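Reading through the structure tokens given below for one structure.
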Number of protein chains: 2
Amino acid sequence: MVGEDEKRSVFGDQAGSVELLWGGRERPSRGPRPALSLELITRTAIALADAGGLGAVSMQRVAGELDFTKMSLYRYVPGKNELVALMIDSAMGEPPQLPGGWRNGLRAWAETLTAVYHRHPWLLGAATGPRVMGPNELGWTEAAVAALADTGLSGGEQLDAVVVVSGHVRALAQVSASMGLGSARATEPEQVMSAALNELLVGRADRYPAVAAALAATEADAAERDRADEFGLERILDGLEAYMGGSR
Amino acid sequence: MVGEDEKRSVFGDQAGSVELLWGGRERPSRGPRPALSLELITRTAIALADAGGLGAVSMQRVAGELDFTKMSLYRYVPGKNELVALMIDSAMGEPPQLPGGWRNGLRAWAETLTAVYHRHPWLLGAATGPRVMGPNELGWTEAAVAALADTGLSGGEQLDAVVVVSGHVRALAQVSASMGLGSARATEPEQVMSAALNELLVGRADRYPAVAAALAATEADAAERDRADEFGLERILDGLEAYMGGSR
DNA sequence: CAAAAGCGTGTCCGCCGGATACAGTTTCTT
DNA sequence: AAGAAACTGTATCCGGCGGACACGCTTTTG
């Protein structure tokens, strides 16, 4: 009926992204040589996003940055969604080489992923909703799963563990991204969270006693603020380790 | 110099949201009675978002749904960002009453939060980037922190633990939201992830051996698929429990 | 009974993603 | 060699978006 590809299957709307991300695009032989390239367009778009967030990326601006009309971009990319998909996979970059030992490996994985989110904060907002994984993104997953391959965890458990760790990294990067809020420009996630929470809690401590107490305790003890980002990850790793030890 | 409020401080752009979310808006006494209300507008916008995602929410559509012009909405809301902030806090709703015991409490907290994300999938995309917490959202945090109050965890650790758990819930809901992809409409997060991954991995198992192996193992063993969502949370709780036991 | 304040509307603007038609360039086929 | 075919970048146009602004109308206050 639908005389197209039979490539739809699981990917309904996203067939275009799948082709762009995974398909081997061969240059057609006729017609003039393209003046642009997917890589160049993607790189330019990423630069714009790094500088001004995802909102600063429009077809017009990307094209303008390259001294082309916006419509020329549509010769390379079917639409903006597909461009964003390319941006995501390109910004992720090659997955890291991990040190041996699942715990060290996963920790290094989390750290490099954190660095990626720090470098491209817009990834936090772009990677939401139904999406297609690109080669690099799947490569990151591969690296993390590979680190867990010999732990005795089942296949599903390995995947779940990766989801947990990556979710935690995301969550922490999210908090850290709130740094862009005021003029304070604190560097530690918790400091910002503290500042924002503190301001809201002024005169409302009775309504939110537990948060207020936790916050007050945090401010009194400056030492613990340094290990803020490590705490969560180590707890997760502890939980995995305990499970592996108990069920193997 | 800036003859406005002295309320900016940490909240640069978001002052409007802060006022709307937290400020006691008193009705001015002069002028005609407002035909609309913040609550009604917010509710309408949420209904649109529930039905068609965040993208379906525009000032025009919200106003149209209420048989008003879009500009009338600006008498109640300074801009769309502020409306979205209201939507988020309203959609979160009142925080749940948690059962006793930190572990049971946190588990129940995670479950109800999951239900919220399931009811309003657009929350996953809306709550990204620098944001201001609303009363309800802070209430959720309060509930979770309160559950951890007597565990011996320090204030900062309590906050971190909540970040970890909520991050995990978000991550899992994110995977679960990908259900909207194809025609399969699977109900279990992992099944969808499996389906999408499988399709990509066809003929590429050599490039992603660990993921392929994990996936193959998952498909062979149907039993473990059921506890997919619990696994991560239980590992996190295990890690917290071990830490509490060791450091108290 | 004004004056003031607030409400809803109509008009206008710039920007966005995208469809379509078109002219120029390159390559393949005859 | 000469079309024909395929591909390039461009110009024009569209509907929808968030939002600024000016206006007429309604209600309360002096």
Side-chain angles (χ1 to χ4, degrees), chain A residues 13-17 19-20 25-42 44-45 48-49 51-87 122 125-126 129, chain B residues 13-17 19-20 23 25-42 44-45 48-49 52-87 122 125-126 129:
Chain A
D13 310 334
Q14 325 261 349
S17 296
E19 273 192 51
L20 267 186
R25 296 101 53 187
E26 66 260 10
R27 245 260 287 152
S29 52
R30 294 213 228 190
R33 306 193 143 251
L36 294 172
S37 70
L38 266 185
E39 285 72 20
L40 181 56
I41 294 173
T42 305
T44 308
L48 282 176
L54 246 197
V57 177
S58 78
M59 295 292 149
Q60 318 221 47
R61 295 205 45 173
V62 174
E65 209 78 9
L66 295 164
D67 280 311
F68 277 78
T69 11
K70 78 170 176 180
M71 288 317 288
S72 59
L73 300 188
Y74 287 96
R75 292 280 173 199
Y76 302 81
V77 174
K80 196 185 180 180
N81 290 344
E82 287 78 3
L83 175 56
V84 172
L86 287 173
M87 290 172 61
W122 49 270
Chain B
D13 309 333
Q14 325 261 350
S17 296
E19 274 192 50
L20 268 185
R25 296 101 54 189
E26 65 261 10
R27 246 261 287 152
S29 52
R30 292 215 230 188
R33 305 191 145 251
L36 294 172
S37 69
L38 265 185
E39 285 70 21
L40 181 55
I41 293 173
T42 306
T44 308
L48 282 176
L54 247 197
V57 178
S58 79
M59 297 291 149
Q60 318 222 47
R61 295 205 44 175
V62 174
E65 208 78 8
L66 296 163
D67 280 311
F68 278 78
T69 11
K70 78 170 175 180
M71 288 316 289
S72 60
L73 300 187
Y74 287 94
R75 292 278 173 199
Y76 302 81
V77 175
K80 195 185 180 181
N81 290 343
E82 287 78 3
L83 174 57
V84 172
L86 287 173
M87 290 171 61
W122 48 271

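Throughout, a chain's letter reflects where its sequence line sits, starting with A, and its residues are numbered from 1. Small disclaimer: the values here were computed from a predicted structure and weren't measured.
- Protein atom CG of Leu66(B) is 16 Å distant from nucleotide atom P of dC7(C), rounded to whole Å.
- Proximity of a side-chain donor or acceptor of Tyr76(A) to a complementary backbone N or O of Leu36(A) within less than 3.5 Å is detected.
- Nucleotides of DNA chain D that come within less than 4.0 Å of any heavy atom of chain A span, from the 5' end to the 3' end, dA5(D) to dT12(D).
- What separates CG of Asp67(B) from C1' of dG8(C) is a distance of 13 Å, to the nearest Å.
- For the pair Asn81(B) and Ala35(A), both in contact range of DNA chain D, the more 5′-proximal nearest nucleotide belongs to Ala35(A).
- Between the OG1 atom in Thr44(A) and the CG atom in Leu83(A) there is a gap of 9.5 Å [rounded to 0.5 Å].
- The side chain of Pro32(A) approaches dT26(C) more closely than any other nucleotide in the set dT26(C), dA19(C), dG8(C).
- The two residues Val57(A) and Ala45(A) come nearest to each other via the heavy atoms CG2-O, 3.5 Å.
- Among the atoms of the strands shown, only primed sugar atoms or phosphate atoms (P, OP1, OP2) are found under 4.0 Å from some heavy atom of Ser58(A).
- Between the Lys70(B) side chain and the Ser58(B) main chain, no donor and acceptor come within less than 3.5 Å of each other.
- Base engagement by Met71(B) is indicated by at least one non-hydrogen atom pair under 4.0 Å involving a base atom.
- Taking atom CG of residue Leu36(B) and atom P of nucleotide dC7(C), one finds them 10 Å apart after rounding to whole Å.
- The residue among Arg61(A) and Arg33(B) whose nearest nucleotide of DNA chain C is located toward the 5' end is Arg33(B).
- Rounded to whole Å, the distance from CZ on Arg30(B) to C1' on dG8(C) is 19 Å.
- One atom, NZ of Lys70(A), and another, C1' of dT20(C), lie 13 Å apart when rounded to the nearest Å.
- Residue Phe68(A) is in sugar-phosphate contact alone, with no base atom involved, counting any heavy-atom pair closer than 4.0 Å across all strands shown.
- Contact between Leu73(B) and Met59(B) at its shortest, heavy atoms only, is CD1-O, 3.5 Å.
- Atom CE in Met59(B) sits roughly 22 Å away from atom P in dC12(C) (whole-Å rounding).
- Residues Glu65(A) and Leu48(A) approach most closely at OE1-CD2, 4.1 Å, considering heavy atoms.
- When all heavy atoms are compared, the tightest approach of Trp122(A) to Met87(A) is CH2-O, 3.7 Å.
- Minimum atom distance to the side chain of Gln60(A) is reached by dC15(C), of the listed dG8(C), dG18(C), dC15(C).
- Here Tyr74(B) does not reach the OP1 or OP2 of dC7(C): none of its side-chain N or O atoms lies under 4.0 Å away.
- For Gly31(B) and Pro78(A), each mapped to the nucleotide of DNA chain C holding its nearest heavy atom, the one lying further toward the 5' end belongs to Gly31(B).
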